[in-house]
Amino acid sequence: MSSSGLGARCFAVWALGRREIVRFTRQRSRFIGALAQPLLFWVLFGAGLHGSFRAPDWAAQTMSYQEYFFPGIAVLILLFTAIFSSISIIEDRHEGFLQGVLVAPVSKLELVLGKVLGGTLLAVLQAVLFLIVGGVMSGIGLAPAMGIQVSVVSAVELVLFMSVIALGLAGLGFMIAWWFDSVQGFHAIMSVVLMPMWLLSGAFFPGDGVGWLSWIVRLNPLTYGVAGIRWLLYAEGSAPLKVVASSSQPAFPTCIAVTLLFAVITVLGGQFVASRTARPRKIKTSK
Amino acid sequence: MEDLVFDVQSVSHRYGQAVALDEVSFQVPRGSMFGFLGPNGSGKSTLFGVLSSLLPVQSGAVRALGIDLSGNLLEYRRQIGVAFQSPSLDRRLTVMENLVCHGQLFGLSGPSLKSRIKELCERFRVWDRAADRVEVLSGGLRRRVELAKCLIHRPQVLLLDEPSSGLDPGARREFWDSVEELRQQDGITVVVATHLMDEAERCDRLVLLNRGKVAADDRAQVLKQKISGETLTIQADRLDELKRKLSSDLGLECHRHGDALRLHCSDGHQLLAQIMDRYRADVRSISLSAPTLEDVYFAVTGQDFSDVK
């Protein structure tokens with residue numbers, strides 16, 4: 001009775017993706033953690049570091065720290081949501097759900113795609129929400145004025161671009177989480193790998209100038225995500241960002257290429273790790 | 001030639017240096033209720049993993065429903081339903097959402113999926129709970145939902161891993177009634193991995209596993225006939241002391257099984273009376289019964305079922 005056509009495979013991916021979304025809506029705390037905390041960061045850090053910030057060469061010199069930090073926070077939301085959603089693979093393993101999927105006629109690529117699709121949708125939705133809330137706050141004077149101007153076209157482009165970033169991050173989360181038996185273990189990786197990855201992406205500070213630091217920024221795939229969002233936020237402005245040879249604000253085509261490549265690599269990487277581990281780990285049987 | 005669902009030939013499986021399955025061979029005829037019985041560490045979970053396609057066939061060959069399990073697993077998975085020891089339901093989703101999700105994994109959708117879900121829920125008497133989240137259901141209900149989930153794509157084979165663990169006796173009976181009904185009405189072949197005797201008793205064919213090897217493979221009736229006579233089960237406060245006494249005074253060789261002594265004899269009544277006469281003070285209770293599968297396991301493997309770890 002079951003079928004194996006392409007449509008059926010899409011249903012399988014969608015079934016897994018939709019499940020992520022339903023689970024998310026039933027855990028309100030995740031929503032608060034993933035959206036309210038970054039918003040708070042933006043307001044507090046923005047206010048606190050306001051005085052000590054000097055706009056980088058490639059930006060308008062009137063740019064406040066809060067404005068500089070704005071795309072960085074959007075990426076932080078993408079990071080948190082996409083990754084936390086994909087680490088639910090650890091929960092799935094413990095609760096037995098994963099076993100049920102592994103004995104269904106679902107390929108490993110479909111498993112990864114389903115998992116990251118859910119995470120990506122949730123992440124982008126929240127990042128868009130933040131960008132709107134932040135824009136409104138700035139507009140009504142609750143936050144410093146920003147030179148951001150977005151048209152319908154660039155807004156659509158922005159959503160698409162953020163989706164690719166989120167896909168890459170969710171794929172990365174899947175690749176890492178597949179090896180972990182506990183969420184605690186994953187948190188360790190989170191604080192030594194993923195948070196620094198965000199900090200050194202030009203999201204928090206430009207990082208130009210200092211030699212070794214600018215190289216890390218340059219090699220960090222997330223840098224291209226933050227920079228890409230920045231390009232799109234100012235796409236319509238009268239004073240666009242200047243393209244200079246900067247490690248923290250590479251040219252837009254480079255941003256697109258690197259971000260796409262990162263997403264493809266992490267999703268295929270997720271498929272690879274999921275196919276390699278033959279032995280399913282022991283399921284906890286505590287009721 | 002018998003119509004076979006599984007034809008397992010010389011399957012071995014290792015985890016590093018540890019051998020979990022050692023040259024295991026057996027066949028499962030279509031329509032049977034087939035069990036593999038063994039204590040923890042006997043290799044039964046590994047065998048279950050191989051048959052459910054979670055683990056690869058490392059050496060040997062498994063032909064299942066005409067499909068070579070070292071080949072196209074996706075096609076094989078379309079034809080089996082697997083219920084694990086720990087339910088594979090998502091507790092945060094409702095019964096309906098779980099079943100829809102699982103149906104879609106098998107490529108089902110739309111009205112045909114909906115009507116199949118309704119049919120299964122009604123059959124397992126969970127339709128009135130379809131909108132409830134799984135986390136609020138009792139263990140027995142969860143098991144029934146799990147069973148419905150496994151059957152959504154009309155599999156030919158149902159694989160069950162210790163299916164009644166965690167269920168109370170009532171729920172256990174209900175669960176097995178449902179399974180038996182499936183076998184009778186739908187002609188589904190049922191394969192059960194278990195360490196519980198009452199689950200094994202329901203099977204018409206059994207493989208006894210001991211340390212990764214097949215210790216016996218036959219119809220349950222035939223296995224039981226391997227042991228003639230009766231079994232005496234004695235409970236006492238000081239078991240080892242009583243065991244010594246029985247051995248030295250009466251020349252009886254009994255084996256310890258958990259918190260009881262068991263021994264086989266041909267003249268149970270006489271022996272019972274004799275033991276009660278001599279050791280009334282030591283014995284807490286004594287009972288006489290026909291041999292069980294536990295006795296068969298002991299007779300075949302020389303291993304006490306509850307002692308093997």
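In what follows, every chain begins at residue 1, and chains take the letters A, B, ... in the order their sequences are listed. Worth saying up front: this structure is predicted, and the values here are computed from it rather than measured.
The two residues A:Ala15 and B:Gln104 come nearest to each other via the heavy atoms CB-OE1, 3.2 Å. Considering all non-hydrogen atoms of both residues, B:Phe84 and A:Val103 come closest at CZ-CG1, 3.8 Å. In terms of heavy-atom proximity, B:Leu89 sits nearest to A:Phe97 at C-CD1, 4.4 Å. When all heavy atoms of B:Leu105 and A:Arg9 are compared, the closest pair comes out as O-NH2, 3.3 Å. Annotation for A:Arg26 and B:Thr94: closest pair NH1-N, 3.9 Å, computed over non-hydrogen atoms.
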Original post:
Yes or no on side-chain contact (heavy atoms from CB on, under 4.5 Å) for B:Val100 and A:Arg18, after CA distance, side-chain angles and deciding distance?
Top reply: CA-CA 11 Å; B:Val100 168; A:Arg18 194 184 50 187; 3.5 Å; yes
**OP:** Under the side-chain contact (heavy atoms from CB on, under 4.5 Å) rule, what do B:Arg77 and A:Leu102 come out as? Steps first, then yes or no, please.
**Re:** CA-CA 9 Å; B:Arg77 287 175 187 156; A:Leu102 290 177; 6.0 Å; no
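To the nearest 0.5 Å, the span separating CD on A:Gln99 from CG on B:Asp161 amounts to 8.0 Å. One distance of note links CD of B:Glu135 with CD of A:Glu95; it measures 9.5 Å at 0.5 Å rounding. Atom CZ of B:Arg92 sits about 9.0 Å away from atom CZ of A:Arg19, to the nearest 0.5 Å.
At a 4.5 Å heavy-atom cutoff, the contact between A:Glu91 and chain B is made by side-chain atoms alone.
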